[in-house]
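Everything below concerns the one structure shown next.
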There are 2 protein chains.
Amino acid sequence: MGLAKSELFTSNQNQIALFAKVFGHPARVAILQHLFKINSCVCGDLVNEIGLAQPTISQHLRELKSLKLIKGTIEGTSVCYCIDHDEWIVMKGIIKNFLNMDTNSNSNCC
Amino acid sequence: MGLAKSELFTSNQNQIALFAKVFGHPARVAILQHLFKINSCVCGDLVNEIGLAQPTISQHLRELKSLKLIKGTIEGTSVCYCIDHDEWIVMKGIIKNFLNMDTNSNSNCC
DNA sequence: TTTATTAATCGTAATATTGCAATAGACAAA
DNA sequence: TTTGTCTATTGCAATATTACGATTAATAAA
């Protein structure tokens with residue numbers, strides 16, 4: 001089928017999965033790391049930075065944008081991308097809450 | 001192509017993506033949450049807990065097992081699954097390190 | 001041994017993802 | 001206007017993912 005049965009799960013579970021999915025490709029991880037590293041906008045050189053073709057980078061940027069993790073503003077001919085810090089904080093809260101499940105558990109079997 | 005060009009990225013970027021990918025489906029999120037919630041092994045009732053068919057659950061369990069996030073031990077006819085706490089800690093460190101990128105940055109544009 | 005139970009595997013259909021060439025669209029510069 | 005630059009979109013091929021029916025394998029119970 002290739003299609004997740006999202007109606008079976010809570011909105012929290014679906015939200016975690018959506019954020020995780022966008023981090024599930026190394027190119028998108030690399031794009032985000034680069035944006036944080038230069039600590040400002042990047043206008044165009046992501047294609048040189050990462051080794052993928054321009055349409056491929058554009059596609060990955062669109063997925064990051066659809067989750068509002070980055071925002072792009074047009075700057076002449078080029079487009080300036082940067083992290084959306086507010087949404088990053090929101091996402092971080094949701095994912096960290098998921099990752100911290102183990103703090104309340106002490107393995108008493110296996 | 002459907003195949004990520006992992007050779008373009010660092011092993012850290014690929015590792016983040018691999019862990020994130022396994023969290024990128026709500027069924028696997030739900031399985032992990034259930035295992036943490038009952039705070040012990042679960043023998044069989046995951047199929048009833050989640051609303052997916054038995055082969056589908058088995059497939060998701062195999063993916064979690066392949067990343068060593070869970071381990072399964074045979075217990076008579078059934079199999080007993082539980083969290084691998086050591087590997088969970090390792091994964092948590094890698095993902096949190098990625099999520100905490102924003103602590104060193106102060107958005108000076110956009 | 002026969003039967004039941006449980007979970008993994010196989011096979012397959014439907015859909016999603018990844019990647020890129022070709023193209024289009026928008027703007028700047030000449 | 002024409003030309004060049006940059007990015008998005010389209011279209012497509014290759015591969016991956018999701019889901020499940022059917023089957024198999026292993027053990028337990030009768």
Side-chain angles (χ1 to χ4, degrees), chain A residues 1-9 13-14 16-31 34-35 41-67 70-82 110, chain B residues 1-9 13-14 16-31 34-35 41-67 70-82 110:
Chain A
M1 306 234 155
L3 174 59
K5 286 194 156 182
S6 55
E7 72 277 7
L8 292 177
F9 307 100
Q13 287 164 341
N14 282 311
I16 291 166
L18 276 180
F19 279 126
K21 206 173 187 179
V22 89
F23 298 144
H25 193 292
R28 294 189 289 264
V29 171
I31 288 171
H34 185 66
L35 287 176
C41 294
V42 73
C43 299
D45 55 14
L46 275 170
V47 175
N48 304 325
E49 192 67 29
I50 324 262
L52 293 168
Q54 181 268 323
T56 308
I57 295 293
S58 187
Q59 204 170 324
H60 285 306
L61 288 169
R62 185 166 55 180
E63 287 175 67
L64 289 167
K65 218 168 16 175
S66 77
L67 287 191
I70 64 172
K71 44 190 174 180
T73 47
I74 297 169
E75 196 99 357
T77 353
S78 60
V79 177
C80 175
Y81 284 104
C82 62
C110 297
Chain B
M1 305 235 152
L3 175 60
K5 286 194 156 183
S6 56
E7 72 277 8
L8 292 176
F9 307 100
Q13 288 165 339
N14 282 311
I16 292 166
L18 276 180
F19 279 126
K21 204 175 189 179
V22 89
F23 298 143
H25 193 292
R28 292 189 289 263
V29 171
I31 289 170
H34 185 67
L35 287 176
C41 293
V42 73
C43 299
D45 56 18
L46 276 169
V47 175
N48 303 324
E49 193 67 28
I50 324 262
L52 292 167
Q54 179 267 322
T56 310
I57 297 293
S58 188
Q59 204 170 323
H60 285 306
L61 288 170
R62 185 168 55 179
E63 287 176 67
L64 290 168
K65 220 170 11 176
S66 77
L67 288 190
I70 64 173
K71 45 190 173 182
T73 47
I74 298 170
E75 195 101 358
T77 3
S78 60
V79 177
C80 176
Y81 283 104
C82 63
C110 297

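The shown structure was predicted, so the numbers you read here are calculated from the model rather than taken from an experiment. Convention: sequence-line order gives letters A, B, ...; per-chain numbering from 1.
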Whole-Å distance separating the [atom1] atom of [X] from the [atom2] atom of [N]:
X	N	atom1	atom2	answer
B:Ile70	C:dA8	CD1	C1'	13 Å
B:Ile31	C:dA7	CD1	P	13 Å
A:His25	C:dA16	NE2	P	18 Å
A:Leu46	D:dT7	CG	C1'	12 Å
A:Glu63	C:dA16	CD	P	13 Å
B:Leu64	D:dT18	CG	C1'	14 Å
B:Asn48	C:dA7	CG	P	10 Å
B:Ile50	D:dC20	CD1	C1'	16 Å

### Residue pair A:Leu52 / A:Ala27: nearest heavy atoms and the distance that separates them
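Nearest heavy atoms, A:Leu52 then A:Ala27: CD1-CB, 3.8 Å.
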
### Message
Return whichever of B:Ile57 or B:Thr77 has its heavy-atom-nearest nucleotide of DNA chain C closer to the 5' end.
### Response
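Nearest-nucleotide comparison on DNA chain C picks B:Thr77.
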
#### Entry: First encountered from the 5' end of DNA chain C, between A:Gln59 and B:Arg62
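It is B:Arg62, whose closest nucleotide lies nearer the 5' terminus.
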
### Message
Show me the pairs that pass side-chain hydrogen bond (donor to acceptor under 3.5 Å, both in side chains) and involve residues 20-31 of chain B, at least two apart or across chains.
### Response
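Only B:Arg28-B:His60, B:Arg28-B:Glu63 qualify under side-chain hydrogen bond (donor to acceptor under 3.5 Å, both in side chains).
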
Report the nucleotide, chosen from [options], that has the shortest atom-to-atom distance to any side-chain atom of [X].
X	options	result
A:Gln54	D:dA8, D:dA19, C:dG19	D:dA8
A:His60	C:dG19, D:dT18, C:dT9	C:dG19
A:Val79	D:dT7, C:dG19, C:dA8	D:dT7
B:Leu3	D:dC20, D:dT15, D:dT18	D:dT15
A:Met1	C:dA14, C:dA21, C:dT9	C:dA14

### A:Tyr81 vs D:dA8: side-chain N/O to OP1/OP2 distance below 4.0 Å
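Yes.
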
### Message
Less than 4.0 angstrom between a side-chain N/O of B:Lys21 and OP1 or OP2 of D:dT17, yes or no?
### Response
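Yes, because at least one side-chain N or O of B:Lys21 sits under 4.0 Å from OP1 or OP2 of D:dT17.
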
### Query
Between CD1 of A:Ile50 and NZ of B:Lys5, what distance do you get to the nearest 0.5 Å?
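If I round to the nearest 0.5 Å, the distance is 13.0 Å.
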
### Query
Heavy atoms under 4.0 Å, any strand shown: does B:Glu75 hit a base, just sugar-phosphate, or nothing?
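Nothing: the residue B:Glu75, judged by heavy atoms under 4.0 Å, touches no strand.
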
### Task
Scan B:Leu52 against the nucleic acid and name what it touches under 4.0 Å (heavy atoms): base, sugar-phosphate only, or nothing.
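Result for B:Leu52 = sugar-phosphate.
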
### Message
On DNA chain D, does the nearest nucleotide to A:Lys5 precede the nearest nucleotide to A:Ser58 from the 5' side, or the other way round? Give the residue.
### Response
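So the residue in question is A:Ser58.
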
### Message
Within the 4.5 Å heavy-atom criterion, are B:Phe9 and A:Val29 side-chain neighbours or not?
### Response
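No; the side chains remain at least 4.5 Å from each other.
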
### Query
Is the CD1 atom of B:Ile74 crowded by more than 12 outside heavy atoms at less than 6.0 Å?
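No.
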
